[in-house]
Amino acid sequence: MSYKQASYDEPFIGELRSGTTYKIPGKVEEKVLDDLPAGSGREKLPLPEVAEYDVVRHFTRLSQMNYSVDIGMYPLGSCTMKFNPKFADRISTFEGFSEIHPLQPEKSVQGSLKIMYELQEYLKDLSDMDGITLQPLAGAHGEYTGILIIRKYHEDRGELDKRTEIIIPDSAHGTNPASAAMGGFDVVEIPSSDKGTVDLEALKAALSNKTAAFMITNPNTLGIFEDQITEIARLVHDAGALLYYDGANFNAIMGITSPGLMGFDIVHFNLHKTFATPHGGGGPGSGPVAVKEHLKDFLPVPTVSRDGDIYFLDYSHPKSIGRVAAYYGSFNMMLRAWSYITYHGSDGLKENTINAVLNANYLARKLSGKFKIPYKALKKHELVLSTENTGKRALDLAKYLIDHGIHAPTVYFPLIVHEDMMIEPTETVSKADLDQYADVLIKGLNIDDAELKSMPKNLSVSRIDEVKAAKDLKVKWDLE
Amino acid sequence: MSVNQEHKEMLDFLQINEKSELFSDVPNNVRKKDLKINRGISEFELLEEARRYSMMNQGPGMINFLGNGLYDRVIPTSVDSLLGRTEFLTSYTPYQAEMSQGVLQSLFEYQSLMCQLTGMDVTNSSMYDGYSALGEAVRMAHRINEKAEVLLPETIYNTKLEVIKSYLAGLSIKLIFYKINMETGHIDLEDLKNRINDNTCAIVCEQPNGLGIIDENVFSLHEIKKNAILIAYVDPVSLGILKEPGAYGADIVVAEGQQLGIHRSFGGPLLGILSFKNEYIRRSPGRIIGESVDSNGKRAFVMTLQTREQHIRRAKAMSNICTNQALMAIAAASYLSIVGAEGLKKVATLTYQNSKKLKGALLKSGKLSDNQLTGKSFSDLLVSFSTPVEKLQDKLYDRGILGGVPLSRFLSHGKGEVIPNSFFFSVTEKTNESDINQLIGALEVIS
């Protein structure tokens, strides 16, 4: 297929010189700044002076040098890049939602609180958990909130001093060990079994009265369902530890099973993955955290509660960990997730899960003759293949894919598979998309290495020197 | 070909009969039976329902004096329009740099603009919000010098303090509060000086501070800070007229960026701005975009210094942050580009002008006590009434006015009662004389 991305030699916005045209209302009176404290005034403010039309053209041209999920398939593993519905964009611009200050009286924000309350109920229903906070601002922020709850739980039982370890499988997302370490825990990594799942013997050996929690995602990052999850939960609980669910892969099971049924104590959701809120080139996200009954008292404050038809901010969590964010969380993302769930409903959500899994398995089978796809054949939402058997490097094939106008999978993760590609198609791609993806990827195997290494050629830039970026460390422009 | 036919072909290819076989690995004892969530509805019905909910909120069109961190500022329509560009809105983190130059250059420009605004060497490509960025800044300071005592102003908002404490949960750091002079509203320099010692990790200062005052003593903290890291939490709009932290010796600068083109949306998404000196870059959290060249020598951008981050360094990462607020950073970059230096200066000057006008009108109303802070306010004007007023915010709301949040709501951990009967009224460039007159009129009746 032929593809060409727009390619501009776009200058920095600070290099444009058309002069500011935007009008700020109001009249500045003379000498108004004269009574500022001595020495507090700014001498020089070196910001751009560019006409509004030039700013719009500049960023529009930049945007044309960027792929997005509205352009095509974006199968980054564990990122769940599904179609972001346009109705959510529209709803998020309703003035009654966007122009609301978080410190307004509760009676003036009943609509927002009702959205939050209903989203809380939705997520509890989907996860079979008992209490929830919408405050965390991203998945990793949710993990850290979970870690704080784990700390508080053990502290409350007088065991925090001794429960210093958190166990994490070697296939885990990097945020898991990072969050645990940030919360002051020692990270104990356990190897996966030859089936690609948690090695029960390794888990048993790692568990002790020093264990504070075990953090896993299910299905795991290999796209494989941990079918011994009930046994895992029993082992963890018998050791006096808590079981944490990383919800990055929740799109694989929503409506089919749930963290609550599997025995998890704490779960975070990624609204920007499972619930289709747009990822904005890296954020914002939203990472609500739900817990079982015995941990509800530790949730951050406030949550949203209801007294009849009146919704209110509830600060009555006696042993709360406190706060993790300035206000109540990323409301605009909650609103979009609420819209997504309300639109799809119980029937649509389950259907989406099933189709996401169908797509991943279909693509896995399409690629299985050509690439090594380690571990169990039955996948959930994603598959991990290795290019090692083909003699090609995963990085080169990734650059080849993007040169053909389709986004590459996650590469070199999880760390336990060499030269790997982690592919998550999601439910919002067609069979034709999947066929094309497989065809292009397989055709790449016939291209010689020198040619692959010369790619990409059809994008706004060719392959970038990452070493130079780290060595020279130029992280802002030189303009005055 | 209908979807069902397509799925049939896929199932045939997989040699299975039913989609349910795809879940044969999920044990029966953990199978979900039913959902309480209603069945799906059409887009039309959804939009109607969402609109009904939005109408249950009040706020747009009311007279607004709410602020204390988030403000109702002019947002150029072009900012919203650019954020709606689908290539920005619906792209992921730029892992494939060659395909994502648009987001990367935009974020590089954000970093550059923020360095210009703050006078600092480096700005990362965004944090979640101002408060969590401050928590990360304190952790960063601790990584830099491994010292144990962090000095904070006693007038720091309780919510901000709670977020900082959350970020420090795993570390042995002692928080110590230094005094603010309750007549001027400025830092008590003698008190602060006495608390600085060899164990001091960082000094957190605020500009304007928790009382809304432009603190003239912040500018001289570099003279007394010794080896401590100076962390300045600033109002980014105020930097249109106030000296930039880079010019008064700040090591790390933190700000809440909502005012730079982002709607308040009941408190999120926001934008955490984190800037610092060059020498600390390898100890810093978050993503950083760097300039490089492609194989043809053309200027190109990539995420750099990723070895600090969780996906590479795992348990030894500088922070667990992954998803950030990239889109909000693009909002701030386009906002600053559109309003420009003159525009930002005007916004800041009008804000200062309006806070003086409001203070004058309130003093004239005869409702205030004789003891008011002598320092100058920026956006958040704190005034003290001569008699107690119960539920001022609710009473004003009933008269179509938002504002009048009591100081005690922000300072319940300490000094909340030092200035009795005190309330905040916040202004922006949008505040006009009619707003002020109506507030005075309402206060005549209710206080």
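Proteins come first, then strands; the chains are lettered A, B, ... in the order of their sequence lines, and each starts at number 1.
Between the side chains of A/S98 and B/S265, no donor-acceptor pair of N or O atoms lies under 3.5 Å. Side-chain contact, A/H279 with B/S91: no donor N or O sits under 3.5 Å from an acceptor N or O. Defined by atom type and a distance below 3.5 Å, a donor-acceptor pair is present between the side-chain atoms of A/E99 and B/H263. One side chain, A/H58 or B/E109, offers a donor N or O that lies under 3.5 Å from an acceptor on the other. In the model, B/Y352 has a side-chain atom that pairs as donor or acceptor with a side-chain atom of A/D35 under 3.5 Å. For the 3.5 Å distance criterion, the side chains of B/N320 and A/T175 fail to qualify, holding no donor opposite an acceptor. Side chains of B/E87 and A/S68: no donor on one and acceptor on the other come within 3.5 Å.
Proximity to chain A (any heavy atom under 4.5 Å) is shown, for B/L22, by both the backbone and the side chain. In this structure, chain B has heavy atoms under 4.5 Å from both the backbone and the side chain of A/S430. Of the atoms belonging to B/L117, heavy atoms from both backbone and side chain fall under 4.5 Å from chain A. Contacts between B/L113 and chain A at a heavy-atom distance below 4.5 Å involve backbone atoms as well as side-chain atoms. For B/L239, the parts sitting under 4.5 Å from any heavy atom of chain A are the backbone and the side chain alike. Only the side chain of A/P456 comes within less than 4.5 Å of a heavy atom of chain B; its backbone N, CA, C and O stay farther away. Proximity to chain B (any heavy atom under 4.5 Å) is restricted, for A/T230, to the side chain, taken from C-beta onward. Heavy atoms of A/D70 lying under 4.5 Å from chain B belong to its backbone as well as its side chain. Heavy-atom distances place both the backbone and the side chain of A/N361 under 4.5 Å from chain B. Residue contact with chain B, scored on non-hydrogen atoms closer than 4.5 Å, is absent for A/K350. For a residue to count as touching a neighbouring chain, one of its non-hydrogen atoms must lie under 4.5 Å from one of that chain's; by this rule A/I256 touches chain B with backbone and side chain alike. Of the atoms belonging to A/R90, it is side-chain heavy atoms, and not backbone ones, that fall under 4.5 Å from chain B. B/N354 does not touch chain A: none of its heavy atoms, backbone or side chain, sits under 4.5 Å away. For chain B, no part of A/E121 is nearby; none of its heavy atoms comes within less than 4.5 Å. Using a 4.5 Å cut-off between heavy atoms, B/I289 touches chain A through its backbone atoms (N, CA, C, O) alone. Contact annotation for B/V74: only side-chain heavy atoms (C-beta onward) come within less than 4.5 Å of a heavy atom of chain A. Only the side chain of A/F413 comes within contact range of chain B, judged by heavy atoms closer than 4.5 Å. For A/F94, the part lying under 4.5 angstrom from a heavy atom of chain B is the side chain only.
At distances below 3.5 Å, at least one donor-acceptor pair connects side-chain atoms of B/S112 with backbone N or O atoms of A/W477. Formation of a donor-acceptor pair under 3.5 Å by the A/D227 side chain with backbone atoms of B/D25 is not found in this model.
In this structure, OH in A/Y144 is found 9.5 Å from OG in B/S319, a value given to the nearest 0.5 Å. A distance of 14.5 Å separates CD of B/Q101 from CD of A/Q64, quoted to the nearest 0.5 Å. Note that OG1 of B/T304 is 11.0 Å distant from CD1 of A/I464, once rounded to the nearest 0.5 Å. How far CD1 of B/I288 is from NZ of A/K476: 12.5 Å, rounded to the nearest 0.5 Å. Put simply, SG on B/C322 and CD on A/E143 are 9.0 Å apart, with the number rounded to the nearest 0.5 Å. Rounding to the nearest 0.5 angstrom, the gap separating the NZ atom in B/K165 from the CG atom in A/L148 is 13.5 Å.
By the 4.5 Å heavy-atom criterion applied to side chains, B/E244 and A/E43 are not counted as neighbours. Side-chain contact check for B/I241 versus A/L33: some heavy-atom pair is nearer than 4.5 Å.
Between B/F266 and A/F331, the ring-plane angle classifies as perpendicular under the 30° and 60° cut-offs.
A cation-pi contact, defined as under 6.0 Å to the ring centre and within 45° of the axis, is absent between B/R51 and A/F97. Geometrically, A/K107 does not engage B/Y397 in a cation-pi contact defined by less than 6.0 Å to the ring centre and at most 45° from the axis. Annotation: cation-pi geometry not satisfied between A/K474 and B/F108 (NZ/CZ under 6.0 angstrom from ring centroid, within 45° of ring axis).
Contact count against chain A (heavy-atom pairs under 4.5 Å) is highest for B/R314 among B/E429, B/R314, B/Q310.
The existence of a salt bridge linking A/D9 and B/R299 is excluded, since no basic side-chain nitrogen approaches an acidic carboxylate oxygen closer than 4.0 Å. Salt-bridge check for A/R463 with B/E98: failed, with every basic side-chain N at 4.0 Å or more from each acidic carboxylate O. Between B/K32 and A/D128 a salt bridge is recorded (basic side-chain N to carboxylate O distance below 4.0 Å).
Within a 6.0 Å radius of NZ in B/K345, other residues, nucleotides and ligands contribute 12 heavy atoms or fewer.
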- Trace of the side-chain hydrogen bond (donor to acceptor under 3.5 Å, both in side chains) decision for B/N57 with A/S112: CA-CA 7 Å; B/N57 284 343; A/S112 294; 2.8 Å; yes

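B/Y167 pairs by the side-chain hydrogen bond (donor to acceptor under 3.5 Å, both in side chains) definition with A/H141, not counting sequence neighbours.
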